[in-house]
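Have a look at the structure below before the remarks.
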Number of protein chains: 2
Amino acid sequence: MDFVIELKKRGHRITKPREVICSILETSGHEHFTVEKLHNLASRKDRNIDLATVYRTLELLEEVNIVEHSHQVHGSGIYYLKSEYDNSHIICESCKSIYDLKEETKKTINEILIKDSHFDSINHHFIYSGVCKKCK
Amino acid sequence: MDFVIELKKRGHRITKPREVICSILETSGHEHFTVEKLHNLASRKDRNIDLATVYRTLELLEEVNIVEHSHQVHGSGIYYLKSEYDNSHIICESCKSIYDLKEETKKTINEILIKDSHFDSINHHFIYSGVCKKCK
DNA sequence: TTCCATGCAAAAGATTTGCACGCAG
DNA sequence: CTGCGTGCAAATCTTTTGCATGGAA
């Protein structure tokens with residue numbers, strides 16, 4: 001899937017910054033990016049891309065349901081590809097590594113939430129934290 | 001339980017701002033406060049209490065395991081009493097109401113996470129969001 | 001008396017916004 | 001050619017920090 005095409009389809013223009021940011025995300029697997037990291041990577045691929053442009057592009061990609069963000073323990077955002085149950089992760093309080101949860105775990109939790117809460121649909125969007133094995 | 005006593009026990013001083021903030025939290029039930037709201041409430045109870053003092057007091061209460069915080073969709077913090085499984089909630093994307101999850105739900109999710117993730121202990125700290133019944 | 005906690009102001013960090021220009025369509 | 005998207009700078013919002021003073025113990 002080509003994210004810029006998705007943008008074009010919806011009437012947005014294809015620009016160099018958008019191409020660069022989309023290509024980083026497309027090849028990222030499940031990586032979770034701080035805005036700063038994404039900005040650095042993007043600026044390295046092209047001439048300097050403004051931080052504001054990175055924010056604006058991420059906002060756009062979020063509108064279009066390609067990207068999603070949540071917040072780290074200290075408040076700054078992390079952005080990553082959205083997929084049905086992929087909007088969750090667990091961060092090590094010690095080394096700050098971010099891991100994905102197993103598909104099965106995420107699916108189970110999602111089902112429990114829909115069943116038990118008084119919400120019919122849930123965009124789960126969460127961070128778990130703890131200390132991972134490496135840091136013990 | 002008296003939170004200021006808990007602070008005193010650990011060698012911290014009892015001051016008017018701490019008394020005021022503790023008393024608000026003690027009578028809050030499960031309410032989730034933005035720092036701004038807590039600051040307003042506290043300032044109304046006493047003379048003006050500085051925002052920095054609110055932050056410092058909340059940080060202290062978090063150290064002492066009385067309070068916990070997480071982040072709203074747009075990044076600013078919300079603070080609330082900590083209890084074993086009380087560090088989670090679900091926020092309506094439309095009216096911004098914050099609800100607690102059922103004890104049972106929270107407990108189940110916690111158990112699943114510990115069982116399935118490669119973390120041995122988890123300080124779950126998360127926000128779910130969706131659209132609540134009122135807003136449908 | 002001692003030194004911790006506060007208020008105030010300034011700093012720091014993250015994100016958003018206004019505006020003029022350049023480029024995509 | 002038209003107007004959307006960008007870069008730049010400034011503004012805004014949230015949280016943190018330095019420092020002198022006042023008050024708790």
Side-chain angles (χ1 to χ4, degrees), chain A residues 2-23 32-40 42-64 67-80 96 127, chain B residues 2-24 32-40 42-64 67-79 96 127:
Chain A
D2 202 352
F3 298 161
V4 278
I5 301 300
E6 188 61 32
L7 293 182
K8 187 164 192 176
K9 259 200 284 183
R10 311 217 184 193
H12 302 287
R13 292 184 180 172
I14 298 184
T15 64
K16 194 74 190 172
R18 285 177 182 174
E19 279 177 359
V20 171
I21 292 170
C22 284
S23 93
H32 296 68
F33 297 98
T34 61
V35 177
E36 195 195 355
K37 183 169 183 187
L38 210 39
H39 177 228
N40 284 158
S43 295
R44 207 172 303 152
K45 280 207 172 189
D46 196 40
R47 35 80 218 265
N48 272 12
I49 288 175
D50 199 76
L51 237 196
T53 301
V54 176
Y55 276 104
R56 284 187 278 226
T57 302
L58 287 170
E59 192 185 18
L60 182 64
L61 288 170
E62 218 162 3
E63 254 175 62
V64 171
V67 153
E68 186 176 32
H69 85 282
S70 53
H71 295 274
Q72 292 179 302
V73 176
H74 268 295
S76 55
I78 39 176
Y79 290 77
Y80 44 92
K96 308 299 178 199
I127 296 180
Chain B
D2 203 351
F3 297 162
V4 279
I5 301 302
E6 188 60 33
L7 293 181
K8 186 164 192 175
K9 259 199 285 183
R10 311 218 183 191
H12 301 286
R13 290 183 181 172
I14 298 184
T15 64
K16 193 74 190 176
R18 286 176 180 175
E19 278 177 358
V20 171
I21 292 170
C22 285
S23 94
I24 292 172
H32 296 69
F33 297 98
T34 60
V35 177
E36 194 194 357
K37 184 170 183 186
L38 210 41
H39 177 229
N40 284 158
S43 294
R44 205 171 304 152
K45 279 206 172 189
D46 197 39
R47 36 80 218 263
N48 272 12
I49 288 175
D50 198 77
L51 236 195
T53 301
V54 176
Y55 276 104
R56 283 187 277 228
T57 302
L58 287 171
E59 191 186 17
L60 182 64
L61 288 170
E62 220 163 0
E63 253 175 64
V64 170
V67 153
E68 185 176 32
H69 85 282
S70 52
H71 295 274
Q72 292 178 302
V73 175
H74 268 294
S76 55
I78 39 175
Y79 290 77
K96 309 298 178 200
I127 297 181

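So that the names make sense, note that chain A is the first sequence line, chain B the second, and so on, each numbered from 1.
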A:E59/A:R56 ion pair, N-O < 4.0 Å: no
For atom [atom1] of [X] and atom [atom2] of [N], their distance in whole Å:
X     : N      : atom1 : atom2 : value
A:L51 : D:dG5  : CG    : C1'   : 16 Å
B:Y55 : D:dG18 : OH    : P     : 17 Å
A:I49 : D:dC8  : CD1   : P     : 11 Å
B:I21 : C:dA5  : CD1   : P     : 13 Å
A:H71 : D:dT15 : NE2   : C1'   : 14 Å
B:L58 : D:dT14 : CG    : P     : 15 Å
A:L60 : D:dG5  : CG    : P     : 8 Å

A:I49 backbone acceptor or donor facing A:H39 side chain under 3.5 Å: yes
Given B:L61, B:I21, B:L58, B:T34, the one that forms side-chain contact (heavy atoms from CB on, under 4.5 Å) with B:Y79: B:L58
Nucleic acid contacts - residues 7-19 of chain B versus DNA chain D, non-hydrogen atoms under 4.0 Å: B:R13, B:I14
Which nucleotide in C:dT16, D:dT6, C:dG7 has an atom nearest any side-chain atom of B:D50: C:dG7
Separation of A:K37 NZ from A:I78 CD1 (nearest 0.5 Å): 11.5 Å
Listed partners of B:K8 passing side chain to side chain contact (heavy atoms under 4.5 Å, CB included), at least two apart: B:I14
B:R18 vs B:L7 side-chain heavy atoms within contact, under 4.5 Å: yes
Sub-4.5 Å side-chain heavy-atom contact between B:S23 and B:E19: no
Estimated bend of the helix from C:dT1-D:dA25 to C:dG25-D:dC1 (axis per five terminal pairs, rounded to 10 degrees): 30°
Aromatic ring pairing A:Y80/A:H32, orientation class (parallel under 30°, perpendicular over 60°, tilted between): tilted
Ring geometry between A:H71 and B:H71 (parallel below 30°, tilted from 30 to 60°, perpendicular above 60°): tilted
Along DNA chain C (nearest heavy atom to each residue), the more 5'-positioned of A:E36 and A:R56: A:E36
